[in-house]
Structures are given as C-alpha cells and as structure tokens.
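Presented below is the structure to which this report refers.
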Amino acid sequence: MDELDDGDLGQGEEIGLILKRLRGERSLRDVQRLTGVSSSYLSLVERGERTPGVNLINKLAVLYGVDANELLQRARRLGTGDPRDDEPLEVERAYQYVLADPQFRVGTRPDGPLSINAKRFIVEMYERFTGKRLLE
C-alpha cells in the first residue's frame, strides 16, 4: 500500500477532497462499480456534504492503494470527527430496516438486546438474501 504524502492533500484539506484527489481519473461510476457504493453518495462525500464511515474509507483505501489507517487518521486530524462514530448508527438504521421489511419474516425475532456485531450480521444476511445494499 502507498502512504499518503503531502502531495496527496493540501494543508487543512477536507477528507472529501482527499478522496477526490485519490480517485484521480476514475469516474464516480467506476468507483461505484468497484465498491458497490452509489456514485451519488460518493459525490456527496467528496463535496463534504456527508462524512464517510469507516467501511467506506476502508473500501476506498483498498481501491486507491493507500493505507486505510492512515486515511482514517488524516480524517480525524482534519476535524471531520471519527468516522467510526457513524458506524453504530448506520448499522442500527439498516437493522431497523430489516426488521420492518414485511417480506422478511423468516425465523424467530430476537427478544433481547443485540450487539452491534450481531445486528451487522443480520443485516449482511439480509443483503445477501435480497440483493439490497443497506451498509456502505
């Protein structure tokens, strides 16, 4: 993996601009095809209108050939907050979507609290079963 150098970002540059710079000549549709993340969402992230979650940063780091941990550190250092903060909310939102789907009434429903990992697993199984993408 390449390291991010100062040529990859300007002083105080937002994470969206860093990701746009790393994307280079690739189109947003190419990135969508390779990551499964919609080009409209990617565009919002690059414009600074959405904060990327850790899963998106990991996918883009692999695609762009940079170290994901360094990219996460740069995102935090540049004041965009910790992208991991959004992960539990994203998983919870997706989990609630799964529970609300009337077509997905297979098996038993949990009757106690679940960990974030258990909810993520349920969402991932739902994604595989339906072909819908709920998580980045």
Would a hydrophobic clustering, with Ile, Leu, Val, Met, Phe, Trp and Tyr connected at side-chain separations under 4.5 Å, put Leu134 with Met125? no
Atom pair CZ/OH of Arg21 and Tyr64 - distance to nearest 0.5 Å: 13.0 Å
pair Tyr126-Tyr95: side-chain heavy atoms closer than 4.5 Å: no
Indicate yes or no: at least one non-hydrogen side-chain atom of Val31 is less than 4.5 angstrom from one of Ser39. no
Would you mind reporting whether Leu60 and Thr35 have side-chain heavy atoms less than 4.5 Å apart? yes
Please examine the side chains of Glu14 and Ile18, heavy atoms only from C-beta on, and report whether any two atoms are closer than 4.5 Å. no
Do Glu46 and Arg23 have side-chain heavy atoms sitting under 4.5 Å apart? yes
Can you tell me how far NZ of Lys59 sits from CG of Leu34, rounded to the nearest 0.5 angstrom? 11.5 Å
Looking at side-chain heavy atoms only, is the closest gap between Ile15 and Val45 below 4.5 Å? no
From CZ (Arg133) to OG (Ser38), nearest 0.5 Å: 10.0 Å
Check whether Tyr97 and Leu99 end up in the same hydrophobic cluster, where Ile, Leu, Val, Met, Phe, Trp and Tyr are linked by side-chain heavy atoms less than 4.5 Å apart. yes
Rounded to the nearest 0.5 Å, what separates atom CG in Asn117 from atom CD in Glu124? 9.5 Å
In terms of heavy-atom contacts, does CZ of Arg29 have more than 12 from other residues, nucleotides or ligands at under 6.0 Å? no
If you take all heavy atoms of Thr51 and Tyr41, which pair is closest and at what distance? O-OH, 3.7 Å
For Leu135, is there any backbone N or O sitting under 3.5 Å from a side-chain donor or acceptor partner on Arg93? no
So Leu63 and Leu22, do their side chains get closer than 4.5 Å, heavy atoms only? no
Carefully, step by step, assess Leu19 and Leu42 under the rule side-chain contact (heavy atoms from CB on, under 4.5 Å). CA-CA 9 Å; Leu19 293 172; Leu42 292 166; over 6 Å; no
Roughly how far, to the nearest 0.5 Å, is NZ of Lys20 from CZ of Arg26? 15.0 Å
CZ of Arg50 to OG of Ser40: how many Å apart, nearest 0.5 Å? 9.5 Å
